[in-house]
Amino acid sequence: MAKSKKVTSVKKTDAKPLVKKTVEKKSAPVAAKQTPVVKKIDEKKPAVASAATKPTPAPATVTKEQKATTTVAKTQKTLAIKTQKNEFAQANVQEKVTLNNKESILAIVCFFYGIFVLVLHVDDSFLKGWDHTFKYFTNLTSIITALWMVLFGLAAFTKCHKLAKIVKNKNLFLSIFMMCLLTFVTVLIWLFPFWKGEYLSQGISGLCFYTHFINHLVMIFVFFSVKFVGKWNLKTNLFTTIFPLVYFAIMLFLHYAFGIEPPYNFINPDWYVNDIASGNVVVGYGILIAVVIVLINVFYFSSVGLMKLQNRVGALFSKEKQNRI
């Protein structure tokens, strides 16, 4: 019995250290986890202390000269902004082209007369054929002027700024007016004396009296009465030569493509080759090109003189108004 007790006591003494080892193994990781946290807290403390101990910068001293320069810069910026706004507003006002009272009355008269001329040309086209209407330069000029008159009247009725700006454009009107003036001069100098039966004997009942005479008199009155807008110079004046060149090119195309003879001999190549140059093609075409160049120069330089004349007439009227005031 005594031996058995000893055995049990040995077992008890042997079991105690095992328990201690296991406890130490479990508690060891806990201690290892806690130590870094303490280190992190200790590391942050000096950073806070260093931020707190940073010296505050001294306020910069501003001199009177610096204040003056800043105020001048601010005033310059505000003035620049105001000038930009004013320029933008003036540009918008300039873009809105309108008709005054006198121009509106004239536009209404032109509107009804333009419709009357277009109706006459339509009636004449049914009688003589559409090729007769659109082949002659004189008929085309009266049709184009009648269309311009109708648009001029619509600008007065609708009060559309964009339409008024187009109709009152100097370069556009000058190109139309040059065609009218050429037709008017040819009718007075050439057609009236030589074709008395067609132009003079019919009198007021004749078509040409309204389309080639009264029509162009109205355009002459408009030229000196309306204040046109837009820039005009020697470069933009080339716009007046576009219509005669286009007309000449179309007549040549119809002549060579479809065999249609041009209505006028001075733009007919066959007339120059056969009648003037006696069959010499080079000489005939050379004379044709020279005539076309001369006519284009007549259009160009006569339109320059007309614009200068209009500017002088406008200056005279403005001086008279100022003297009256």
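Index from 1, following the sequence. Hydrogens, waters and symmetry mates play no part in the numbers below; they use all other heavy atoms, side chains included.
Between the side chain of Lys168 and the main chain of Thr98, a donor-acceptor pair closer than 3.5 Å is present. Looking only at distances, no side-chain donor or acceptor of Asp123 sits under 3.5 Å from a matching main-chain atom of Val119. Distance alone, capped at 3.5 Å, places no donor-acceptor pair between the Glu261 side chain and the Asn268 backbone. Of the possible donor and acceptor atoms, one in the side chain of Tyr113 sits under 3.5 Å from a partner among the backbone N and O of Tyr210.
The shortest side-chain heavy-atom distance between Val304 and Tyr300 falls under the 4.5 Å cut-off. With a 4.5 Å cut-off on side-chain heavy atoms, Leu217 and Phe184 count as touching. Between Ser302 and Met178 the shortest side-chain heavy-atom distance falls below 4.5 Å. Considering only heavy atoms from C-beta on, Asn171 stays 4.5 Å or farther from Lys231 through its side chain. Using a 4.5 Å heavy-atom threshold, the side chains of Ile108 and Phe157 count as touching. Counting heavy atoms from C-beta outward, Leu151 and Ile166 have side chains that stay 4.5 Å or more apart. In this structure, the side chains of Phe223 and Leu174 come closer than 4.5 Å at one or more pairs of heavy atoms. Side-chain contact between Met219 and Cys110 is absent, with no heavy atoms from C-beta onward closer than 4.5 Å.
A centroid separation of 6.0 Å or more is found between the aromatic rings of Phe137 and Phe248.
Shown here are the ring-ring contact (aromatic ring centres under 6.0 Å, His included) partners of Phe228, two or more places apart in sequence or in another chain: Phe173. Tyr264 is linked by a ring-ring contact (aromatic ring centres under 6.0 Å, His included) to Tyr136, Phe266, counting only residues two or more places apart in sequence or in another chain.
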inquiry  = Test side chain to side chain contact (heavy atoms under 4.5 Å, CB included) on Leu182 and Leu295; report intermediate values, then the result.
reply    = CA-CA 10 Å; Leu182 179 65; Leu295 289 174; 6.0 Å; no
message = If you apply the rule side chain to side chain contact (heavy atoms under 4.5 Å, CB included), what do you find for Phe152 with Leu99, and how did you get there?
response = CA-CA 10 Å; Phe152 189 43; Leu99 304 177; 3.9 Å; yes
key: Worked check of side chain to side chain contact (heavy atoms under 4.5 Å, CB included) between Met149 and Val222   = CA-CA 10 Å; Met149 288 179 184; Val222 169; over 6 Å; no
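Here CD1 of Ile176 is found 4.5 Å from CG of Leu172. Values are rounded to the nearest 0.5 Å. One finds the CG atom of Leu288 at 6.5 Å from the CG atom of Leu252 (value rounded to the nearest 0.5 Å).
In terms of hydrophobic clustering, with Ile, Leu, Val, Met, Phe, Trp and Tyr side chains grouped at heavy-atom distances under 4.5 Å, Val282 and Val273 are assigned to different clusters.
Between the side chains of His121 and Ser142, at least one donor-acceptor pair of N or O atoms lies under 3.5 Å.
The list of side chain to side chain donor-acceptor pair (under 3.5 Å) pairs with a residue in residues 238-256, not counting sequence neighbours, reads His255-Asp270, Tyr256-Tyr285.
Summarising the geometry of Phe239 relative to Ser175, their closest heavy-atom pair is CE2-OG, 3.7 Å, with the distance given to 0.1 Å.
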